[in-house]
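A short worksheet on the structure shown next.
Just so we're on the same page: letters track the sequence lines, and every chain starts at 1.
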Protein chains: 2
Amino acid sequence: MKQHRNTRQRRLILEAVCARSDHPTADQIYLDVRAVDKMISRGTVYRNLNILTHQGTLSHVKLPYTDRFECNTRPHYHLHCTECDAVSDVTVSYQSELDKKVEDHTGYRIERHRTIFEGICPECQKKKD
Amino acid sequence: MKQHRNTRQRRLILEAVCARSDHPTADQIYLDVRAVDKMISRGTVYRNLNILTHQGTLSHVKLPYTDRFECNTRPHYHLHCTECDAVSDVTVSYQSELDKKVEDHTGYRIERHRTIFEGICPECQKKKD
DNA sequence: ATGGGTGCAAAGTGTTTGCAAGTAT
DNA sequence: ATACTTGCAAACACTTTGCACCCAT
C-alpha cells in the first residue's frame with residue numbers, strides 16, 4: 001500500500017471540504033482552495049479528493065454528472081433538489097438491516113447502500129408559483 | 001408540449017432496451033441497434049433514450065460515469081457489483097413511507113428516492129479467492 | 001406541408017493521466 | 001535518498017448540439 005504524505009495542498013483541500021456543509025463539487029473545492037493558493041491545479045484537487053475518499057477521510061455523494069463531497073463519513077442518506085441541485089443530509093437513519101436482507105436474498109457481499117431523495121426544496125417551490 | 005413521432009429508430013431503441021434485463025448503457029444499446037440498423041447514430045440513441053425516459057416509457061439508473069436503462073418503470077431498488085459493474089433489480093420493496101417522512105421533516109416536495117446497494121456479486125467473489 | 005427526427009461531426013463536461021520538476025519523509 | 005506529489009497540458013469517456021436533409025403525421 002502507498003504511503004500518503006501530508007502535503008500543504010492535501011491539507012487545504014480537506015479544510016475546504018470541511019468548511020462547507022453544502023456538499024460541494026470538485027470544481028467548487030478547486031475554486032475555494034484557489035482563493036488561498038493561486039497555484040493549485042484541478043488535477044491535484046481531483047487526485048486528492050479521490051485519495052481522501054478512498055482513505056475514508058471524506059465521503060462522496062454520487063450524483064449524475066458530478067460527484068459531491070463532504071466531511072461526514074458516517075453512513076447516511078441525502079436529499080437532492082432537482083431544480084437548484086442543492087444537496088443536504090437527511091435525518092432518516094441508515095437501515096443496515098436492509099443490507100443483511102439483500103445479502104441473504106442475492107448472494108452478493110453487500111458493502112452498503114446509497115439512498116438519495118429527489119424533490120423540490122422550499123425555496124424552489126416558492127419560485128415556481 | 002412536443003408531439004413525439006413513432007419513428008423506426010425510436011422503436012428499435014425501445015425494443016433493444018426491453019430485450020435485455022441487465023440494465024444496458026446507452027452505448028450498449030447503440031451497439032445492439034446497430035446490429036439491425038447499420039446507419040443509426042449515437043446522437044439518435046442518446047436523444048431517444050432521453051425522450052423515452054422523460055415520457056416514462058423507460059427508466060434509468062443513475063450510476064457514476066454512465067446511466068443505465070431499463071424497461072421496468074415501477075419504483076424499485078438496484079444492486080450494483082462494484083467489481084464487474086453488473087446491475088440488477090432487487091426484491092426489497094419500495095418504501096414510500098420514507099418519502100412522506102422526509103417531506104414532513106424538510107419541507108421538500110419529495111418526488112421519489114433512489115436506493116442502490118453496492119457490493120460484490122457471487123461470481124466476482126469467487127474470482128477474488 | 002410542416003415541424004419533429006435523423007446522421008454527422010464538432011463541441012461540451014467532468015475527470016484522469018504522462019511527464020519532468022519539486023518535496024515530505 | 002527515495003518515492004510520493006505537484007502543475008501543466010493533453011487525453012479521455014460520455015453526452016449534447018448545430019446543421020442540412022428527411023419523413024411521420
Given DNA chain D, 5'-ward residue of the pair B/T7 and B/A26, judged by closest heavy atom: B/A26
Sugar-phosphate only, base, or nothing, as touched by A/D27 at under 4.0 Å among non-hydrogen atoms: nothing
d(NE2, A/H54; P, C/dT15) in whole Å: 16 Å
d(CG, A/L52; P, D/dT5) in whole Å: 10 Å
Under 4.0 angstrom between A/N48 side-chain N/O and D/dT6 OP1 or OP2: yes
Atom pair distance, as rounded to whole Å: OH in A/Y30 and P in D/dG7: 10 Å
Distance test, side-chain N/O of A/T44 to OP1/OP2 of D/dG7, below 4.0 Å: yes
Distance below 4.0 Å between B/H4 side-chain N/O and C/dG4 OP1 or OP2: no
Phosphate OP1/OP2 of D/dT15 contacted by B/N50 side-chain N/O (<4.0 Å): no
Atom of A/V33, atom of A/I13 and distance for their closest heavy-atom approach: CG2-CA, 3.9 Å
Whole angstrom value for the distance that separates P of C/dT17 from CG of A/L49: 15 Å
C/dG7 base / B/R47 side chain donor-acceptor hit below 3.5 Å: yes
Side-chain N,O (B/Y46) to OP1/OP2 (C/dT6) below 4.0 Å: no
A/H23 side-chain N/O to A/F69 backbone N/O, donor-acceptor pair under 3.5 Å: no
Plane angle bin for B/Y77 and B/Y94 - parallel if under 30°, tilted between 30 and 60°, otherwise perpendicular: tilted
Flag, side chain of B/T44 to backbone of B/I40, donor-acceptor distance under 3.5 Å: no
Nucleotide nearest A/Y65 (side chain, heavy atoms from C-beta), chosen from D/dC4, D/dT5, D/dT16: D/dT16
Rounded distance in Å - CE (A/M39) to P (D/dT6): 13 Å
B/I13 or A/T25, whichever maps to the more 5' nucleotide of DNA chain C: B/I13
Atom pair distance, as rounded to whole Å: CD in B/Q9 and P in C/dC8: 11 Å
Donor/acceptor link under 3.5 angstrom from B/R5 side chain onto base of C/dG5: no
Sidechain N-carboxylate O distance under 4.0 Å for A/K62, B/E118: yes
Atom-to-atom span, CG of A/L12 to C1' of D/dT6 - whole angstrom: 13 Å
Interatomic distance where NE2 belongs to A/H60 and P belongs to C/dG14 [whole Å]: 17 Å
